**Q** 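Here it is, the structure, as structure tokens.
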Protein chains: 2
Amino acid sequence: MTALNNDIFKTIDPDRRGTTSEEVISQLREMIHRGELRPGDRLPPERDLAKLLGVSRPTLRAGIRSLAAVGVLQSRQGAGTFVVKADGPPSLDSSPLRLMASLHGFTSAEMFEARQSLEMAVAGLAAERATGDQMASMSEEVAGMFASLDDPEQFLIHDVRFHQTVASASGNRILTSLMNMVATILFDTRIKTVKRATDLKESAEMHRHVYRSIRERDPEGARAAMREHLERAQRAWELEKEVAADGSPADGSNGNGAGGAH
Amino acid sequence: MTALNNDIFKTIDPDRRGTTSEEVISQLREMIHRGELRPGDRLPPERDLAKLLGVSRPTLRAGIRSLAAVGVLQSRQGAGTFVVKADGPPSLDSSPLRLMASLHGFTSAEMFEARQSLEMAVAGLAAERATGDQMASMSEEVAGMFASLDDPEQFLIHDVRFHQTVASASGNRILTSLMNMVATILFDTRIKTVKRATDLKESAEMHRHVYRSIRERDPEGARAAMREHLERAQRAWELEKEVAADGSPADGSNGNGAGGAH
DNA sequence: TAACCGGAAATGGTTAGACCTTTTCATGCG
DNA sequence: CGCATGAAAAGGTCTAACCATTTCCGGTTA
């Protein structure tokens with residue numbers, strides 16, 4: 001079980017630059033960059049891999065844990081440690097951004113704006129590149145929104161799917177990932193928010209507007225529609241926030257979270 | 001040394017939901033979100049904190065390591081573990097994105113496009129909001145570029161600083177962080193690339209064009225100028241890549257890295 | 001013959017205790 | 001007063017063992 005084709009793992013020199021576990025991270029990262037570890041692959045058992053790399057098991061585990069924290073590896077007790085499978089759109093973990101938001105006191109306005117910029121960018125690209133299938137999906141989601149005007153939870157599902165479809169139609173997985181990262185943070189409390197039917201109707205109209213611009217291959221129109229859509233969503237959310245703040249002291253810190261229909 | 005004002009640390013229930021170390025991560029994360037741990041703060045020593053949380057030291061270390069991996073904590077041997085200080089623009093670690101690029105086979109074209117979208121967004125915002133000081137800084141960096149046409153290394157420094165100034169002038173730290181994240185990946189091999197003087201002159205002109213649009217408070221002009229600037233940079237890089245590929249078989253995998261003047 | 005169930009083996013998760021290396025800081029000497 | 005030295009503090013690493021979960025093979029049964 002030791003030396004079959006595992007010679008790709010090289011023992012770590014004692015006279016390394018950083019700490020031992022950092023070196024372990026570098027080793028594993030290099031192997032991923034070189035393509036020796038591919039998505040879905042299983043790493044050797046920790047006990048074996050530790051021997052192969054010439055480090056102790058806790059040190060190896062420290063390295064694995066660091067890579068797991070950034071979403072590259074995933075360990076399952078009893079099963080093994082795997083390189084994360086690349087099924088569907090790749091996604092970056094949003095918790096780093098979330099923590100940074102707390103640490104630096106990001107305002108919701110800042111996050112809304114970031115999301116708006118990203119959504120406008122992907123909408124513009126989608127207008128240039130969306131395939132027929134993708135446009136059909138968008139249309140279906142818009143129809144789903146109009147069909148769920150009295151069911152906010154269902155509406156939100158179509159809402160999210162519409163935006164994801166647009167993002168994937170942009171053909172740029174990096175922008176898609178970044179957009180999802182930001183949107184995830186704003187989503188957290190969105191689902192908890194009570195939505196009025198009039199808001200939903202307006203929101204659905206805006207989504208249809210975005211869809212039509214994309215179908216017309218009109219990037220600037222799509223960008224403008226998306227801008228207005230998100231601006232209205234932000235205004236609606238701020239309105240609800242003020243209402244909700246009435247009677248209860250506003251929590252000055254961590255201005256995260258968002259609501260309203262998007 | 002145990003119970004001074006450290007009662008904010010609560011013992012972890014044995015009947016928790018996930019693994020013990022995950023619970024440690026949640027605990028620390030919650031404390032950050034609640035503002036009990038602020039940037040620059042030092043955590044209690046591992047041995048003490050482990051006792052306070054009711055877990056073993058390796059388990060605590062695992063949690064700390066996970067948060068360190070995403071750039072929230074930082075440990076210094078002999079000194080202690082600190083919440084990362086928020087000096088200057090907050091920065092997200094780019095290694096997750098870098099690893100994802102390798103795993104999913106992102107093309108450089110995709111990365112260039114992502115960077116272009118982000119840079120255009122911040123340029124547009126900067127045109128609306130840049131302060132006099134920020135515009136002065138941009139101007140200085142442009143001047144620095146023209147003064148370093150025969151010193152590619154120096155030129156690159158002004159180049160990078162110009163873009164960072166524009167980003168910070170956008171007033172949106174999230175977009176700035178995301179932009180830096182993408183730009184960092186593209187930067188890696190940029191510095192290694194040989195640049196011809198004519199490229200640098202053109203690049204400096206483009207930067208000046210961007211600066212002027214921002215000074216004129218012309219968001220669309222700034223966006224357009226930035227778009228053209230980065231499109232030219234990408235074309236120049238692709239040209240150099242082709243030249244460099246002559247005589248040596250192209251490496252089909254991992255199409256990362258970039259070069260040329262930006 | 002095929003489906004199901006049980007248990008052994010594999011594998012990650014956790015703990016304990018010890019020791020090493022680096023940093024910090026106070027003490028004492030010049 | 002200032003610098004050097006050394007003790008204390010704190011993170012980094014290792015060994016060894018045990019626990020919890022998953023997997024999978026093999027036997028049993030319908």
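Below, chain A is the first sequence line, B the second, and so on; all start at residue 1. Quantities reported herein were computed from a predicted structural model and do not represent experimental measurements. Atom set for the values below is all heavy atoms of this structure, side chains included, hydrogens, waters and symmetry mates excluded.
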**Q** By nearest nucleotide on DNA chain C, pick out whichever of A:R65 and A:G78 is the more 5' one.
**A**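 Nearest-nucleotide comparison on DNA chain C picks A:G78.
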**Q** Just so I know, are the side chains of B:T19 and B:E22 near enough to count as touching, which here means a heavy-atom distance under 4.5 Å?
**A**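 In short, these two side chains touch, coming nearer than 4.5 Å.
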**Q** For B:E110, is there any backbone N or O sitting under 3.5 Å from a side-chain donor or acceptor partner on A:N172?
**A** yes
**Q** Do any side-chain nitrogens or oxygens of B:S75 fall under 4.0 Å of OP1 or OP2 in D:dG11?
**A**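 No, outside the criterion.
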**Q** What's B:R47 touching, base or sugar-phosphate or nothing? Going by heavy atoms closer than 4.0 Å.
**A**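 Base: the residue B:R47, judged by heavy atoms under 4.0 Å, touches a nucleobase.
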**Q** Within less than 4.0 Å of OP1 or OP2 of D:dT13, is there a side-chain N or O belonging to A:T20?
**A** yes
**Q** Starting at CG of A:L43 and ending at P of C:dG12, how long is that distance when rounded to a whole Å?
**A**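 Rounded to whole Å, this separation is 9 Å.
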**Q** Is A:R57 close enough to C:dG13 that one of its side-chain N or O atoms is under 4.0 Å from OP1 or OP2 there?
**A**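 No.
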**Q** Checking all strands, does A:P45 fall into the base, sugar-phosphate, or nothing category for heavy-atom contacts under 4.0 angstrom?
**A** sugar-phosphate
**Q** Grab the CZ-C1' distance between A:F82 and C:dG12 for me, whole Å please.
**A** 11 Å
**Q** Considering every strand and a 4.0 Å limit on heavy-atom distances, what is the contact class for A:R76: base, sugar-phosphate, or nothing?
**A**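 If one applies the 4.0 Å heavy-atom cut-off, A:R76 turns out to touch the sugar-phosphate alone, with no base involved.
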**Q** Counting only side-chain N and O atoms of A:S56, is one of them less than 4.0 Å from OP1 or OP2 of D:dT15?
**A** no
**Q** Tell me the interatomic distance from A:Q74, atom CD, to C:dG13, atom P, rounded to whole angstroms.
**A** 11 Å
**Q** Starting from P on C:dT15, measure out to CD on B:E46 and report it in whole angstrom.
**A**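 After rounding, the gap between these two atoms is 14 Å.
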**Q** Just verifying a value: how many Å separate B:T81 OG1 and B:R42 CZ, rounded to the nearest 0.5 Å?
**A** 8.5 Å
**Q** B:L60 or B:Q77: which one's nearest nucleotide on DNA chain C is closer to the 5' end?
**A**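 With B:L60 and B:Q77 compared, the 5'-side residue is B:L60.
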**Q** Which of these, B:R57, B:K51, B:R65, sits in a salt bridge (Lys or Arg N to Asp or Glu O under 4.0 Å) with B:E46?
**A**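 The passing option is B:R57.
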**Q** Strictly below 4.0 Å: does B:T19 bring a side-chain N or O up to OP1 or OP2 of C:dG12?
**A**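 For B:T19, the contact criterion (side-chain N or O under 4.0 Å from OP1 or OP2 of C:dG12) is not met.
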**Q** On DNA chain D, check which nucleotide each of B:P58 and B:R42 is closest to and give me the residue with the more 5' one.
**A**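 Looking at the nearest nucleotide for each, B:R42 comes out on the 5' side.
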